[in-house]
Each structure stands twice: as structure tokens, then as C-alpha cells.
Protein chains: 2
Amino acid sequence: MPIERRPLREQIRDELLRRLDRGDFSAGTDINEAALAGELGVSRTPLREALITLAGEGVLESSQGRGFRFAPVSKREFRELCEIVAALESLALETSDPGYLRKIAPELLRLARDFPDPVAEQQIIERHDDEWHDLLLSGCQNERLLDLITSVKAGMRRYAHLIAGDDAPLEREAAEHCEVAELLMAGHLDKATEALRDNWVNGMERMMSRIPSA
Amino acid sequence: MPIERRPLREQIRDELLRRLDRGDFSAGTDINEAALAGELGVSRTPLREALITLAGEGVLESSQGRGFRFAPVSKREFRELCEIVAALESLALETSDPGYLRKIAPELLRLARDFPDPVAEQQIIERHDDEWHDLLLSGCQNERLLDLITSVKAGMRRYAHLIAGDDAPLEREAAEHCEVAELLMAGHLDKATEALRDNWVNGMERMMSRIPSA
DNA sequence: GTGTACTATTTTGTACACAGAATTCATAGT
DNA sequence: ACTATGAATTCTGTGTACAAAATAGTACAC
């Protein structure tokens, strides 16, 4: 088996994002580098490199002399992020090969239909959602765009745990995914793009009430 | 006067981008951290932090054990980047306050008209172009979007010096900027957005022939 | 009790040191 | 001449150390 040979900074970044998903960190409070480094069993150097990466993705804030902290959540920022991702995913879909999209549409539909049990682990649910979006964008040739979408979505992870434990939104989400898939299957790329955009707008509004109003 | 008190990593990043604009670096060749650090008069630590930031913005590539290098330019990547920025700036414009846009339209027109001498320094010309786009987007309330646009544009700087020394493209660019400004002045936000998108597409095509076909 | 100056402590930002991986170069074998 | 092997070297990735800035705490004046 190929043993793990990636820079520590990347592994640390991934671990921090995992902890973020679990809601381990309270937003706004400063990160103590020495303490966190000790907890992770690494030195401050690669930890700081990971923190700088995350700050570039908007997950963290930093200020001179005060180090890093998880950026506070806000309805406003969440709306901003949703607008951005909606535009980027729309672009990705528009510029994908229609033939390929049609080919994967059935699989998209299948994935959207058998969404996991609402009682399942939060992580499972998110992974399922990610899987759907990844497949949807798998036909996009624009590598940079895909990277950018991944990066922006990392910044949205701070909001992920807020939705935990409710199933009504999940079903709506699944229904909307079905609609996109069906439109793709019928070859209506423009309508599908529009439905995808609506999906993001609706998903945003579903979340809004859960975000503390700062 | 307020003395410069920013993290070294940011100052280094800016300096590297400046040198990139000047075409100091040849794409694809590895960066020697120790040598570059010595040249800049700093230690490797903040330099690496700057390199990691630039890698996150797509200016640099990195691979395990081989460090960083300036990513090679390619027609394909340039097209990808233009598509992205076009979509993002369009979004920014669409979500700006129309009243505000109308108010700044005359200034946009003025800026577009007195574009600098084609014989001027390359840096002057770019700054002028940036100024126009910054003003155009100054009404956008989506902070994250503005940051993202800045970041993606940083990745396009590798292409900036390729356009140096030709004036025909410059005039076309200016003419298109005028058109956007005039549409905004007339209150046709949607048409202006479309014109802006066209501007990016046209600008891309103007550049294409200058990019070595890898 | 409130505010201010000063000290002590914590913590970041930067420099430096070291181990190991990658590359280069030389040598030997075919 | 060309490939393969191995040593030497270079450079990155990570750990450690130190200095300066920020924060917290304390004493003191009012």
C-alpha cells in the first residue's frame, strides 16, 4: 500500500476542516498555535502553514500580532458565499459537455433519490451531498474553476454543522437535485442551470434561520 | 507617518507579484528558497508563508520534496481564468446598487477615455486598467466576492507582461470600457453586464495569440 | 470605585538548525 | 557510447529558539 506521503501542512489542513465540521471550534476565539500544535503532535511551522492556507480560503481570519481565529459566522457572509458558489457552479455546468451531462443524468437522479437516512451521521449526509455535486461537475473541463469551487466551499464548512438534525430541509434538497437531474436527462441544459441556481438560493434561505444573527 | 507594520509574508507576496509583473521570473523553473530569501533580505520562514499563499491563489505550483515554481502559462489556463473572472465580475455588477452605478458611470467613462499613452510604462497601464475595474466594482456589497476576484486576478498576473508594447489592443479595451460606462449611465444594467462579459471574452482572444502554445 | 502607568506573562512573527528526500555527478559495467 | 549504480550535494520540510508585540495583571493616584 502507498504510505501517506503528503506535506504535513495539507494533512493538518484536512484535520482542521474535519474538526470544523464536527463543530469543535468556537468561531471568533483566537487559536493558540503552541497548544494546537501540541494537540496535533506537530510543530508550529507546518501548523502555521496550514493556518495561512485556511486564511486564504476565508476559513480563518488573521490580524497582525494577534494570530489566527476562526472567522465568525453571519447571515450576510453565508449569503455572499452562496451567491458565489451558485455563480461558479452555474458556470461549470454551462461549460460542460451536454452529451456527457446527459449520460450521467440517470446516476445523478439515482443518487438524489436514495439520499441517506435523516438520522444518519451528519458527516455521512454531507458526504452524500458533496458526492452529488462532484458528479454533477465532473464533466467540467475548467480545472481552475473546479479548484476554486472546492476552495470556496471550504469556507462554507463553518456553516455545515448548523443544519444538523433536521430532515425537512434534506428532503427539499433531494427533490431539487432530482429536478436538476431530470432536466439534464431531457437535455435542457439552460433550465438545469437555472434549477441549480435556485437550489443554492433555496438552500441558503433554509439555512438562514439557523444562523445566529450576529 | 504610519510606519509599515504588516506581516512580512504579505510584503513578500506583494514584492513577488511586482516582480512577476515585470516578468522577472521564468515560469516552470523551481524557486530556490534560500537564494530568494537572501535576495529579499528575509529568512525562509516568511518567504515560505508567502509562497504558500501564492500557491493557494494558483500563481505557484508545488510538489512534495520539490518545492515551489511559477506555474507555466498556457492558453487553456488563461481561458479558464478569463471565464471565471468574467462570471465573478458579472455577478458583482448584477448585485450592485443600480443607483450607485449610475452615479459613478460618468467617472468610469472619463477614466476609460483618457487611457494612458501606449508608450507609457507597462505598470502604469495596468494600474489604470485595475483602477477602472476597481471603481466599477466599488458598489458591490459582497466582500467575499471582491476578495475572490482579487485573488483570481493575482493568478492572471503571470500573463500581464505578455501584452506589453502593443497599443491596438489597448484602444479596443478602452472602447469597450466606454461602452460599459455608457450603458450604465443609461441605466441598462443587464446590457452593461453583458458588455462587461464580452469585454473579458474579447480581451482573452486578444491575448491568445501571444501565449506560447505550450 | 475608576482610571492610569508600569510590570510580568503569554503568544505571535521571524530566524535558525537539522534530517531526510531529491537531484546531480561520477564511475563502472556492458 | 550508453545505461545503471552509488556517492556527494543541494534543497526542501519540519523542528526549535529567540525577540518583539500584545495581553493580562498589579499597584497606585485620584
Side-chain angles (χ1 to χ4, degrees), chain A residues 1-20 24-72, chain B residues 1-20 24-72 151 158:
Chain A
M1 79 177 178
I3 57 175
E4 183 111 341
R5 283 200 36 64
R6 300 164 60 208
L8 262 186
R9 59 172 178 277
E10 291 182 14
Q11 301 181 44
I12 294 172
R13 170 182 175 276
D14 290 350
E15 174 61 22
L16 290 179
L17 283 178
R18 264 193 298 277
R19 296 190 178 198
L20 189 60
D24 281 11
F25 300 105
S26 52
T29 60
D30 289 353
I31 288 175
N32 185 323
E33 297 178 5
L36 186 54
E39 199 178 318
L40 294 169
V42 297
S43 81
R44 280 180 58 213
T45 308
L47 170 60
R48 276 178 63 84
E49 295 183 342
L51 295 178
I52 286 167
T53 304
L54 289 171
E57 296 174 327
V59 179
L60 299 174
E61 293 177 343
S62 75
S63 43
Q64 168 73 289
R66 293 191 38 190
F68 299 87
R69 75 202 71 87
F70 282 87
Chain B
M1 79 177 181
I3 57 175
E4 184 109 341
R5 286 201 33 65
R6 298 165 59 208
L8 262 185
R9 60 173 177 276
E10 290 182 16
Q11 301 181 46
I12 294 172
R13 169 181 175 277
D14 291 350
E15 175 60 24
L16 291 179
L17 283 177
R18 262 194 300 276
R19 296 191 178 199
L20 188 60
D24 281 11
F25 300 104
S26 52
T29 60
D30 288 354
I31 289 176
N32 184 323
E33 297 178 4
L36 186 53
E39 200 178 316
L40 294 169
V42 297
S43 82
R44 279 180 58 214
T45 307
L47 170 61
R48 276 178 62 84
E49 295 183 342
L51 295 177
I52 286 167
T53 303
L54 290 171
E57 295 174 329
V59 179
L60 300 175
E61 291 178 345
S62 74
S63 43
Q64 169 73 291
R66 294 190 37 189
F68 300 87
R69 74 202 72 86
F70 281 87
S151 169
R158 283 176 294 137

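Every chain is numbered from 1 and lettered A, B, ... according to where its sequence line falls, protein lines coming before strand lines.
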### Query
Is any NZ, NE, NH1 or NH2 atom of the basic residue among A:E49 and A:R13 found under 4.0 Å from an Asp or Glu carboxylate oxygen of the other?
no

### Query
Rounded to whole angstroms, how far apart are CZ on B:R69 and P on D:dC11?
15 Å

### Task
Of all the heavy-atom pairs spanning A:R6 and A:Q11, show the shortest one and how long it is.
O-NE2, 3.1 Å

### Task
State whether a side-chain donor-acceptor pair under 3.5 Å links B:R69 with B:S63.
yes

### Message
Walk me through whether A:R19 and A:E39 qualify under salt bridge (charged side-chain N to carboxylate O under 4.0 Å, His left out).
### Response
CA-CA 13 Å; A:R19 296 190 178 198; A:E39 199 178 318; 2.7 Å; yes

### Query
Does B:E15 come within less than 4.0 Å of B:R18, counting only side-chain N to carboxylate O?
yes

### Task
Could you encode protein contacts along nucleotides 12-17 of chain C as a string, one character per nucleotide from 5' to 3', using B for base contact, S for sugar-phosphate-only contact and - for no contact, with a heavy-atom cut-off of under 4.0 Å?
BBBBBB

